[in-house]
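In listed order, ligands and their atoms are each counted from 1. Owing to the predicted nature of the structure, the values given are computational and were not obtained by experimental measurement.
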Amino acid sequence: MADVKQIIEQRLTQENNQKLAALDNPRMHKFVADAIELTNPDSVFVSIGSEQDNEYIRQKAVELGEEIILNQPGHTCHFDGYYDQARDKSQTKYLLPPGSQLGESLNSIDKKTGVQEVRSYLKNSMQGREMLVCFFCLGPANSVFSIPCIQITDSPYVAHSETILYRPGYEQFKQIGSSTDFFRFLHSEGELENAVSKNIDKRRIYIDLEEDLVYSVNTQYGGNTIGLKKLSLRLAIQKASKQGWLAEHMFVMGAHGPAGRVTYFAGAFPSACGKTSTSMLPGQTIIGDDIAYLRKKNGQARCVNVEKGIFGISRDVNAEDDPVIYQALTKPGEVIFSNVLIDENSRPHWLGMTSPLPDRGTNHSGKWQKGKTDKDGNEITPSHKNARYCLNIQDLSNMDPRLDDPEGVEVGGIIYGGRDSDTWVPVEQAYNWNEGIIIKGAALESETTAATIGAEGVRKFNLMSNLDFLSIPLGKYIQNNLDFAADIENPPLIFSVNYFLKDEKGGYLNGMADKKVWLLWAELRVNGDADAIGTPTGLIPKYEDLAKLFKQHLSKDYSKDDYLNQFTIRIPENLEKLDRVEKIYRQKVADTPQLLYDTFEDVRKRLKTAQQILSDYISPFELTTA
Ligand code: SPV
Ligand code: MN
C-alpha cells in the first residue's frame with residue numbers, strides 16, 4: 001500500500017482530513033487508507049457523529065434513493081433487493097488461517113482464498129460513490145463493556161441505521177489513542193440497479209477473527225451489512241471467550257414485580273420467536289431487544305445492551321399486541337422502515353398490523369398489486385415477512401432508565417426460548433445453573449423463520465439461540481457459559497419458555513399476551529416469592545400462582561384445563577429431543593463437555609422413571625411441590 005498519510009491527504013478534503021487526524025490511531029488510519037485504495041470512492045465523508053453529520057447521512061440516503069420519505073415527519077422507508085431480504089448464512093464465513101479449526105458446525109473458508117475473493121468484489125466498488133467513515137461504540141460509553149468500532153460503508157442507509165442503533169464512538173476513539181483494540185467493518189453495496197444491490201450471487205460476508213475485521217459486499221439487508229449488529233456479535237463472542245465474559249443474542253429488560261420491585265432478565269430467542277415482544281411487554285421496561293454483553297463484578301452477573309435502538313420485525317406489530325412499538329411507529333419520530341408496503345399516500349403497511357392492507361403500492365418487488373407473483377410463480381406478500389423497523393429505544397414510552405448505565409444491571413434471571421410446537425412447557429425453571437445452561441440453553445431447538453434465507457418451519461438445533469453467530473467451537477462456548485457462574489455466589493436463575501406449544505390439532509395452546517404471566521412468575525421465583533412443582537426437567541409453576549397472575553395482570557380467569565394442557569409433561573417428546581440433540585453433539589461437536597452428556601443422562605433417567613411410575617403424559621396435578 002502507498003503511504004497511509006499520503007492517501008488520506010490526497011483523497012480527503014481538508015475538513016474530512018482534520019476529523020480523521022484528530023484521532024491519533026495508526027491502525028485506524030491504515031484501515032481507512034486501505035479501504036480507499038481498494039474500493040476507490042469518488043469522495044470520502046468522515047462523520048464525527050454530530051447532529052450535523054448525522055443529518056448529512058440522512059439526507060444522502062434520501063438523495064440516493066436508498067430511503068424514501070414517508071408521510072410522518074422523520075419516517076423513511078428503505079428497500080432491499082427481492083433476493084436480499086434476510087441474513088445469508090451460507091455466504092457468511094470465517095476466514096480461517098492455516099492450522100486453525102472452528103469445528104464443522106461453523107461455516108469457514110481458507111483465509112487466503114476468502115480474502116482474495118472478497119477483496120476482488122470490493123475492488124473499485126465505490127467508484128462513482130462516496131465512502132462514509134463512521135465511529136460507534138458497542139455498549140454504553142466509558143464502561144468496561146465498551147468496544148469502539150469503525151464502520152466504512154458506501155450505503156447511507158447502513159450508516160443512518162447505525163446512528164439510530166448504536167452509541168456514538170468518535171470520542172471513544174479519542175480516548176483510546178493508539179490502541180489496536182477495536183472492531184473494523186468494511187461494507188460495499190456493490191453495483192446497484194434501482195438502488196438495490198445487483199450482484200447477489202457475489203454476496204459475501206467474510207469475518208477475520210485474527211484482525212477483528214469483517215468484509216461485507218453486494219448486499220444491503222441490515223443483518224448482512226450493519227457491522228455493529230450480528231457481525232460484531234461474532235467478533236465479540238471470540239473476544240469474550242478470551243477474556244472470560246459472555247456475548248449473547250439476548251434482550252435485557254426490567255420485570256416489574258410487587259411493590260415497585262424491578263428484576264432484570266436477559267433472554268435468548270432465535271430470530272422471529274418473540275424476543276422483541278417479550279422485551280416490550282406492557283408494564284415492563286426495556287433495556288434492549290437483541291444483543292447483550294454479560295460480565296461479572298463483585299460476585300454478580302451484570303449485563304448491558306450493546307445497542308441503543310431496535311431493528312425489529314414489523315410483522316404482527318399492532319395496537320393490541322405491541323402497543324408501545326405500534327405507537328412509536330405511527331407517530332412522528334426517526335424511524336426507518338424496511339421492506340414494508342408503501343401506499344400512494346406514502347404510508348407504511350405490514351402483515352399483521354390488523355387494519356386492511358391496500359391492494360396496491362410499492363414494496364420490495366417494486367410496484368406491487370394484489371396477486372403479483374415472482375419469477376418462480378410465488379405470490380408476493382404485500383410486505384415481506386422479515387420487514388423491519390429501526391428506531392431509537394429513547395423514543396419508546398417504556399425505556400428503562402438504566403439503559404446507559406456504564407455498570408450494567410444485575411441479571412436476576414436468564415430465559416431461553418424457541419419455536420417448539422410439541423415438547424417444552426410454556427415456562428420452566430432449571431434446577432441450577434449448569435442444568436440451565438445444558439438442558440435449557442445447549443439443548444435449544446427452534447423451527448426456522450423468515451429472518452434467515454431458506455425454508456421456514458424446519459426444526460433446527462440452535463444452542464442459546466446463538467448458533468448463527470458463534471465464532472468459537474461449540475463445546476468451548478458451552479464450557480464458557482458453565483464457567484461463567486462458577487464464582488458467582490447467587491447465579492441468575494435460568495428458565496426456558498415456549499410460546500409456540502400446540503395441541504394435537506395444531507392450534508396454539510397459549511395466547512400472545514400470556515408471556516407476561518410466565519415472565520412475572522419467573523420474577524417471583526428470582527425473589528423467592530413463589531413455590532414450584534418439580535418435574536424431571538425442572539420446576540414449573542403451581543396452578544394457583546398462575547391463576548392469580550392471570551387475574552391480576554391479564555384480567556383473565558385461568559382454567560385448570562388450560563393449565564393441564566399447557567403444563568402436561570410430554571415424556572416421549574422430551575426423550576426424543578434429548579436423543580436428537582445428543583446425536584448432534586456426538587457427531588458434530590468434538591469438544592462437547594462431558595458434563596453435557598452426564599446431565600443429559602441424568603435427565604433422561606428422571607424422565608424414564610417418571611414414565612414408568614406415572615405415564616407418557618404426566619399431569620402437573622400429579623406432581624408435587626419441590
Ligand atoms: C435477527 O435476525 O436475529 C435480527 C436481525 O435481530 S439481523 O440479525 O440484523 O438480521
Ligand atoms: Mn437478533
Margin query: Using a 4.0 Å cutoff against the non-hydrogen atoms of Asp290, which atoms of ligand 1 qualify?
Written below: 6 (O)

Margin query: Quick test: of every protein heavy atom, which one is nearest to atom 8 (O) of ligand 1, and how far off is it to 0.1 Å?
Written below: Lys230 NZ, 2.8 Å

Notebook entry, point to check: Hey, what's the angle at the Mn ion (ligand 2) spanning OD1 (Asp290) and NE2 (His249), nearest 10 degrees?
Noted result: 90°

Next item on the list: Kindly give the heavy-atom pair with the smallest separation between Ser197 and Leu192, and that separation in Å.
Entry: N-CD2, 3.7 Å

Notebook entry, point to check: In the protein, what heavy atom is nearest to atom 5 (C) of ligand 1, and what distance, to one decimal place, separates them?
Noted result: Arg388 NH1, 3.2 Å

Next item on the list: Would you check if the side chain of Asn462 reaches a backbone N or O of Asn466 as a donor-acceptor pair within less than 3.5 Å?
Entry: yes

Item checked: N, O or S from Lys229 under 2.8 Å to the Mn ion (ligand 2) -> no

Note to self: Does Lys515 qualify as a cation-pi partner of Tyr499, given the criterion of NZ or CZ under 6.0 Å from the six-membered ring centre and within 45 degrees of its axis?
What the structure shows: yes

Margin query: Checking the side chain of Arg402 only, and the main-chain atoms of Gly408 only, is there a donor and an acceptor separated by less than 3.5 Å?
Written below: yes

Notebook entry, point to check: Between Lys275, His249, Lys229, Arg87, which one has a non-hydrogen atom sitting closest to atom 9 (O) of ligand 1?
Noted result: Lys229

Note to self: Under a plain distance cut-off of 3.5 Å, with no hydrogens placed, do Tyr82 and Asp374 share a side-chain donor-acceptor pair?
What the structure shows: yes

Margin query: Between Asn224 and Asp88, is there a side-chain donor-acceptor contact under 3.5 Å, judged purely by atom types and distance?
Written below: no

Check: Under 4.0 Å from any heavy atom of Phe311, which atoms of ligand 1 are there?
Finding: 5 (C), 9 (O)

Check: Among protein heavy atoms, which sits nearest to atom 3 (O) of ligand 1, and what does the distance come to when rounded to 0.1 Å?
Finding: Ser271 OG, 2.5 Å

Checklist line | Arg129 side-chain N/O to Gly190 backbone N/O, donor-acceptor pair under 3.5 Å | finding: yes

Item checked: Heavy atom of the protein closest to atom 10 (O) of ligand 1 (residue, atom name, distance) -> Tyr221 OH, 2.8 Å

Next item on the list: Give the numbers and elements of all ligand 1 atoms closer than 4.0 Å to a heavy atom of Gly223.
Entry: 7 (S), 9 (O), 10 (O)

